[in-house]
Each structure stands twice: as C-alpha cells, then as structure tokens.
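Here's the structure we're looking at; comments come further down.
Only heavy atoms go into these numbers, but all of them, side chains included; no hydrogens, no water, no symmetry mates.
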Amino acid sequence: MLFGLFKSLDEKVKEDKENLIARLNNSELKTLVIEMGNNKPISNDIIKRQKRDQSFESKDFLSWYAYRIFDELSDINLKPKLIELLKDKDFFQYKQYVLGCLSSLCVNCKDYEIFDFRTQKKQMKKK
C-alpha cells in the first residue's frame, strides 16, 4: 500500500477511470441509467488534474463512461427491464436515458420491434 503514495497524479487518474469502468460494468441496469445523467467528475484526482492542466475532457465525467457502455448494449434480455423502467413513475426523470438505451438495443440487436415501440412513444407524445 505504501507504493500508492508515490503514484503520479496521471497514474491515479488512470486508476480511477479503470475502477469506474469495472464498477459500471458490474452495476445493475438502473444504476447505469442513473449514471448517464451524472455530470460529476469521476474523482478528486480528476479535479486536481483539471486544475493542473486547466482543461476538461468528456472522459472526466461519469456520464461519458455510462454512455459508452450503453452504446454497446447488445443483450436483448435487457429490453423488458428497460421498458419496466419507462413505466416506473419514480424513474421518470431518467426517461430520456432509458429511451437512448432502447435505441442502442434496437441498432445493436437489429430488433425493429424496439424501433416500433420508440416510434409509437414519440407519436403518443406528439398528440
């Protein structure tokens, strides 16, 4: 553990990002959707690096990684879970992220039923 004291800031940032990716990959669907709306930096080390470099990157934020995971969604078994999240009134504030996840599934699984579902939802919204 003593060696951790001597890591450079860049090494700590890299480790923070790797830990976040591992945590997100092992998270439940609901947690990942929530993280899509999280605009906080990954860690205090990221904030220190931002101050040092006086720059911000998309990769500094939790939401960027959550979006990358959802861009790769290809497990059609997630479809019913996502549809249930859409119906959950307590989860309404995350609706746009759930719809984005359904879109990713549509593209990655070539499941046009999902596309039809999304189209119906949009048409209902217009009325």
Side-chain angles (χ1 to χ4, degrees):
M1 198 63 186
L2 183 63
F3 294 107
L5 295 174
F6 300 106
K7 289 183 182 176
S8 73
L9 182 58
D10 292 329
E11 289 172 323
K12 289 178 183 178
V13 165
K14 182 180 179 191
E15 187 175 284
D16 291 343
K17 289 180 179 182
E18 289 169 355
N19 289 337
L20 172 68
I21 292 167
R23 184 175 59 83
L24 289 175
N25 281 327
N26 293 317
S27 294
E28 290 186 19
L29 185 63
K30 196 171 188 176
T31 301
L32 287 170
V33 171
I34 291 169
E35 293 296 0
M36 290 175 76
N38 190 337
N39 61 356
K40 294 179 183 173
I42 293 170
S43 68
N44 288 332
D45 292 324
I46 294 281
I47 294 169
K48 289 176 188 175
R49 201 224 50 234
Q50 289 172 337
K51 287 179 181 178
R52 181 195 71 193
D53 298 347
Q54 294 189 357
S55 69
F56 296 87
E57 298 178 9
S58 298
K59 293 180 181 182
D60 292 345
F61 300 94
L62 290 158
S63 60
W64 190 89
Y65 289 94
Y67 271 101
R68 300 298 72 78
I69 290 170
F70 277 113
D71 284 344
E72 302 297 321
L73 280 181
S74 59
D75 181 358
I76 199 65
N77 296 317
L78 295 175
K79 181 170 107 175
K81 294 176 186 176
L82 288 165
I83 291 172
E84 282 302 311
L85 287 176
L86 275 181
K87 294 176 184 177
D88 184 345
K89 290 183 182 359
D90 294 333
F91 210 67
F92 181 78
Q93 70 192 56
Y94 301 105
K95 183 179 178 178
Q96 72 188 53
Y97 306 121
V98 175
L99 290 171
C101 294
L102 283 168
S103 293
S104 289
L105 273 179
C106 176
V107 171
N108 296 338
C109 297
K110 297 183 179 22
D111 182 344
Y112 300 108
E113 184 178 300
I114 296 174
F115 180 75
D116 292 340
F117 175 79
R118 286 279 328 258
T119 304
Q120 290 171 358
K121 285 287 183 190
K122 282 186 178 183
Q123 288 174 350
M124 288 171 62
K125 193 175 182 179
K126 287 181 183 180
K127 291 180 181 179

Inter-residue atom distance Glu35.CD - Phe70.CZ, 0.5 Å rounding: 10.0 Å
Distance-minimising heavy-atom pair for Gln50 and Asp60: NE2-OD2, 2.9 Å
Closest non-hydrogen atom pair, Val33 against Phe91: CG1-CE2, 3.6 Å
Interatomic spacing from CG in Leu32 to OG in Ser63 - rounded to 0.5 Å: 12.5 Å
Side chain to side chain, Glu57 and Arg49, heavy atoms closer than 4.5 Å: yes
Shortest non-hydrogen contact from Cys101 toward Met36: SG-SD, 3.8 Å
Residue that, paired with Ile46, satisfies side chain to side chain contact (heavy atoms under 4.5 Å, CB included) out of Leu62, Val13, Leu9, Leu20: Val13
Smallest separation among heavy atoms of Val98 and Leu82, with atom names: CG1-O, 3.3 Å
Separation of Cys106 SG from Leu73 CG (nearest 0.5 Å): 12.0 Å
Considering all heavy atoms, the nearest Leu24-Tyr65 contact: CD1-CB, 3.7 Å
CG on Leu85 to CG on Leu29, rounded to 0.5 Å: 5.5 Å
Taking every non-hydrogen atom, the tightest pair across Asp88 and Lys30: OD2-NZ, 3.9 Å
Side chain Asn25, main chain Ala22, donor-acceptor under 3.5 Å: no
Same cluster (ILVMFWY, side-chain, under 4.5 Å), Trp64 and Ile21: yes
Within 6.0 angstrom of Glu18 CD, more than 12 heavy atoms from elsewhere: yes
Backbone N/O of Ser55 and side chain of Asp53: donor-acceptor pair under 3.5 Å: no
Lys17, NZ: over 12 other non-hydrogen atoms inside 6.0 angstrom: yes
Atom pair NZ (Lys81) and CD (Glu84), whose distance is rounded to the nearest 0.5 Å: 11.5 Å
Within one Ile-Leu-Val-Met-Phe-Trp-Tyr cluster: Ile69 and Leu102, side-chain cutoff 4.5 Å: yes
Between CD on residue Glu113 and NZ on residue Lys79, distance to nearest 0.5 Å: 3.5 Å
Whether Tyr67 and Tyr97 hold their rings parallel, tilted or perpendicular, with breakpoints at 30° and 60°: perpendicular
Any donor-acceptor pair under 3.5 Å from Ser74 side chain to Asn108 backbone: no
